[in-house]
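Keep in mind it's a predicted model, so treat the numbers as computed, not measured. Convention: sequence-line order gives letters A, B, ...; per-chain numbering from 1.
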Amino acid sequence: MNALKVILPDGTEKEYPAHYSALDVAKEIGARLANAVVAAEVNGVIVDAFRPLAEVSDNPERINLKLLTDKDPLALGVMRHSAAHVMARAIMRLYPGVGLAFGPTTGHGFYYDFDLDQKISEDDFPRIEQEMANIVKEDEPFERFYLERDEAVKFTEGLKQELKTEHIRTGLKEHGKLSFYRQGEFVDLCRGPHVPAAGKIKAFKILSVAGTHWKGDQTAKPLQRVYGTAWFSQKDQDQYLEQIEEAKRRDHRVIGKKLGLFQINPDVGQGLCLWLPKGATIRATLEEFIKQELVARGYLPVYSPHIGRVELYETSGHFPYYRDSQFAPIFGHDAGRIIDYCINRLSGDEAGGLEAHEEEALLEAAKIMGFDATGYKPTLSKDEKIAVLRKWEKSQERYLLKPMNCPHHVQMYKAEPRSYRDLPVRLAEFGTVYRHEQTGELNGMLRVRGLTQDDAHLFCTPEQVEAEFADTLGLVKFVLQSVGLDDYRVQLSIRDPKSDKYVGSEENWNKAEGSLRKVLTESGLSFESCEGEAAFYGPKADFMVKDAIGREWQLGTVQLDYNLPERFQLEYTGSDNKQHRPVMIHRAPFGSMERFVGMLIEHFAGAFPLWLAPEQLRICTVTDKAIEYGQELAQIFRRNGFRVSVDNRSTKINAKIRDAQLELIPYMLVVGMKEAEDRTVAIRDRVESKDIGTVSIEEALAKFKEEVANKTIRQLTKSKFAQVAETAVTADNEY
RNA sequence: GCUGGCGUAGCUCAAUGGCAGAGCAACGGUUUUGUAAACCGUAGGUUGUGGGUUCAACUCCCUCCGCCAGCUCCA
């Protein structure tokens, strides 16, 4: 009896027997299709193609079925999850007794975490891959089965999979029945779905191994995470691997060193970027560009110092909230450090009394600082001592290397009474901030400890919020477009309602998130909400930008803030002659200059467009006799605003050209006696890597000026990587 | 910060317990050159740091510093 009504994507309805799976349906349509089916989408949910349709749908009378083949990106994710199982199975064969943790898919592959004392190294990859190949060749089917909780616990205990047992007990409390997948001798607690059989995995490779911890908890058991990738064809995989190589070639740390753009020198300090002249030129050009745009949009330039009183950041909330990732406070006088030290001695984790010499030093310090030392007696109780020292601590100067610019700008706003007529006030500064990032996070220019934000703070009335926010979005769009970054999406980062890490009232948060959502919707930008990603003081819109090879970077950000104005008691006089509270918008279109330029280096692979290139033109003299003309030319081009150098070495022209090509200089001006006599230049184009003709000086100037004015991007190897869609991460930490 | 890997000349890399080397760059000279590398020569090192094992350490062990990958974090 036909009990299933199936509706296919083209709208056709068919009836099938009650026990049919998606695979059975496919077989009935055609053997070739059945062979190509990897998974199925039933009523929008991806499921195993081999599971009975009745089991995966609520209503057997109405089953919307889409058969997913190897052409479908969603199927790719399913297959990669199966590949994770195959790898785990191979590793179990090679390392009997290995403990299994989680094995989800990632954007371009998968990983599996193992509990194994023996270290897996790169040298082991070939034999793991070989074993995986055997499993794929065996082509055994994946089977799904259920166990009740109690049985599941017994079952994983029987398998000696402690982590799985623990996960069922603690992580999956709300699940009554638990699904498992069996593939030959390998059984794993898993949510699925999976491919029908291992043979669907056409290409795979183990990429790396790295340490991690059970459920990401540093205090928990250390695990080994093995990363791999898998594809439906060898060709796709080769292309992907080639793109990984391409990304390595673009590494800004390598290119930055080769081209002399920047330096991170251990003698200066970890995570502290030295901008060498060429890198500084790129940055200065970008800053100049954005400053012009800010004038046009009514921003006012300000400058603020690199340090500020700790109290300033206590008021803003940054100091207590980010204490661990800030450089320690700077004391106005060295003696202040002793007071701080003694407070820690008395109240710290290893609290104890003060030694006699410490008390002596303390009283000496108090004298230097001008405190009333009679208030402190060695006979006081510990708590009384702490109370006195806290008072001293507060009355001395303590500074913080500024971790944010906003409190400084807030003070500038506060410096004079504001009327509603003055608003919005837009204060802009390329402000350098310092954050003591964990050593493991530091990464070239992309993650540093001293960074310069292209920062600004807008103070406006609640009525102006949406218009101002819309304008900042427009600004970010404009600057991204100007450097040729036209592929981006916006992430609306909102609070996690379950968390208590945020400051401010429920009402303000709702208002802020509502405004952001409204303006983003009206802007026509595609955006998605991301819970728990907000800053502690307010929600934000982050720009996620795709580079030339399809990698996504979080760059610009716009943040809405009702809380700092509250904390700093900001006011303006309204038309009703009453005091009102302004709203703040924080925004940084580039994010930080370090990160942005680092990204640009990788985006352009070091070959900057003419307007940004640190050295735009190089004059290459053919013989010594042309040096004088070459130098005259250089002066002319410099006077016209170009960055030019002259290569007058006594090498052959071929060598000069080769060097200039390798240094990625956009144009070479080759001049010999012919050019000197005619007062012309032979232009060689780096992109084309050839002579593009001899023109007069005026013509050359006009050509280059036009290219600079248009910010033309002449060459951007948009790789096919950009078209390789990332697959959704199919499994999270649930199973 | 955690786990693992790594650290040799300015750069890229050799030397698996037995005399620290090459290419490029630099410097000196010759060459005066027409669109991706002219030729000859010179110099360059306490092998990241401090300690240990050994007749002998770039090599093996420990400490610290730094780098890389991943984890965790990211105002």
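The CE atom of A:Met404 sits 14 Å away from the P atom of B:C74 (whole-angstrom rounding). One interatomic measurement links the two molecules: CG of A:Leu116 to C1' of B:U3, which rounds to 14 Å at whole-angstrom precision. Rounded to a whole Å, the CZ atom of A:Arg618 is 13 Å from the C1' atom of B:A36. The nearest whole Å value for the distance from the CG atom in A:Asp324 to the C1' atom in B:U72 is 13 Å. The separation between A:Glu437 atom CD and B:U72 atom P is 16 Å, rounded to whole Å. A:Arg435 places its CZ atom 17 Å from the P atom of B:C73, with the value rounded to the nearest Å. Spacing between atom CZ of A:Arg323 and atom P of B:A75 amounts to 19 Å, rounded to whole angstrom units. Note: NZ (A:Lys501) to P (B:C73) measures 9 Å, nearest angstrom.
Here the options are A:Ile653, A:Asn654, A:Asp659, the test is side-chain contact (heavy atoms from CB on, under 4.5 Å), and the partner is A:Ile657; only A:Ile653 passes.
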Steps toward salt bridge (charged side-chain N to carboxylate O under 4.0 Å, His left out) verdict (A:Arg495, A:Glu533): CA-CA 6 Å; A:Arg495 71 197 189 286; A:Glu533 294 293 312; over 6 Å; no

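Within 4.0 Å (heavy atoms only), A:Arg684 reaches at least one base atom of the nucleic acid. Residue-level contact check: A:Leu223 touches neither bases nor backbone, having no heavy atom under 4.0 Å from any strand. Counting any heavy atom pair closer than 4.0 Å across all strands shown, A:Pro222 reaches no nucleic acid atom. Residue A:Lys540 is in sugar-phosphate contact alone, with no base atom involved, counting any heavy-atom pair closer than 4.0 Å across all strands shown. Counting any heavy atom pair closer than 4.0 Å across all strands shown, A:Lys656 reaches no nucleic acid atom. Note on A:Gln453: nothing from the nucleic acid sits closer than 4.0 angstrom, heavy atoms only. No contact: A:Tyr321 has no heavy atom under 4.0 Å from any strand. Residue contacts shown for A:Ser325 include a base, since a base heavy atom lies under 4.0 Å away.
Closest to the side chain of A:Ala682, out of B:G34, B:C74, B:U32, is B:G34. When distances are taken from the side chain of A:Glu441 to each of B:C71, B:A75, B:U35, the shortest belongs to B:C71. Side-chain proximity of A:Val622 to the nucleotides B:C11, B:U33, B:C73 is greatest for B:U33.
The side-chain heavy atoms of A:Thr621 and A:Lys656, taken from C-beta on, include a pair separated by under 4.5 Å. Residues A:Met87 and A:Phe114 have side chains in contact (heavy-atom distance under 4.5 Å, counting atoms from C-beta outward).
For the salt bridge (charged side-chain N to carboxylate O under 4.0 Å, His left out) condition, the pairs that include at least one residue of residues 439-458 of chain A, sequence neighbours left out, are A:Glu437-A:Arg447, A:Glu441-A:Arg447. Pairs of residues two or more places apart, or lying in two chains, that qualify as salt bridge (charged side-chain N to carboxylate O under 4.0 Å, His left out) and include a residue from residues 622-632 of chain A are A:Glu632-A:Arg679.
B:G48 and B:C60: their P atoms are spaced 12 Å apart (whole Å). Comparing the same atom, C1', in B:C62 and in B:A57 gives a spacing of 15 Å after rounding to whole Å. Rounded to a whole angstrom, the distance from the P atom of B:C67 to that of B:C27 is 30 Å.
The aromatic rings of A:Phe459 and A:Tyr413 lie parallel to each other, with less than 30° between the two planes, well short of the 60° mark. Classification of the A:His457-A:His409 ring pair by plane angle, with boundaries at 30° and 60°, yields perpendicular. Ring planes of A:Phe590 and A:Phe596: parallel class, angle under 30° (limits at 30 and 60°). By the 30° and 60° cut-offs, the orientation of the rings of A:Phe102 relative to A:His167 is perpendicular. A parallel orientation is assigned to the rings of A:Tyr321 and A:Phe536, their planes being inclined by less than 30° (bins at 30° and 60°).
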Within the sub-3.5 Å range, which N or O atoms of nucleotides 63-69 of chain B have a protein N or O partner, and how far apart are they?
from: B:G66; atom 1: OP1; to: A:Gln270; atom 2: OE1; distance (Å): 3.3
from: B:C67; atom 1: OP2; to: A:Gln270; atom 2: NE2; distance (Å): 2.6
from: B:C68; atom 1: OP1; to: A:Arg253; atom 2: NH1; distance (Å): 2.9
from: B:A69; atom 1: OP1; to: A:Arg253; atom 2: NH2; distance (Å): 2.9
from: B:A69; atom 1: OP2; to: A:Arg253; atom 2: NH1; distance (Å): 3.4

Return the polar atom pairs (N/O with N/O) between nucleotides 37-44 of chain B and the protein under 3.5 Å, or none.
from: B:A37; atom 1: N9; to: A:Arg658; atom 2: NE; distance (Å): 3.4
from: B:A37; atom 1: N7; to: A:Arg658; atom 2: NE; distance (Å): 3.3
from: B:A37; atom 1: N7; to: A:Arg658; atom 2: NH1; distance (Å): 2.9
from: B:A37; atom 1: N7; to: A:Arg658; atom 2: NH2; distance (Å): 3.2
from: B:A37; atom 1: N6; to: A:Arg658; atom 2: NH2; distance (Å): 2.5
from: B:A37; atom 1: N1; to: A:Arg658; atom 2: NH2; distance (Å): 3.2

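A donor N or O paired with an acceptor N or O is found under 3.5 Å between the base of B:C73 and the side-chain atoms of A:Arg447.
The CD atom of A:Gln453 sits 10.0 Å away from the CZ atom of A:Arg587 when rounded to the nearest 0.5 Å.
The side-chain hydrogen bond (donor to acceptor under 3.5 Å, both in side chains) check on A:Ser493 picks up A:Gln491, A:Asp542, with sequence neighbours excluded.
B:A75 has A:Tyr322 stacked on its base ring, the centres lying under 5.5 angstrom apart and the planes within 30 degrees of parallel.
Stem analysis of RNA chain B (Watson-Crick or G-U pairs, both distances under 3.5 Å, runs of at least three) returns B:1-7 with B:65-71, B:10-13 with B:21-24, B:26-30 with B:38-42, B:50-52 with B:60-62.
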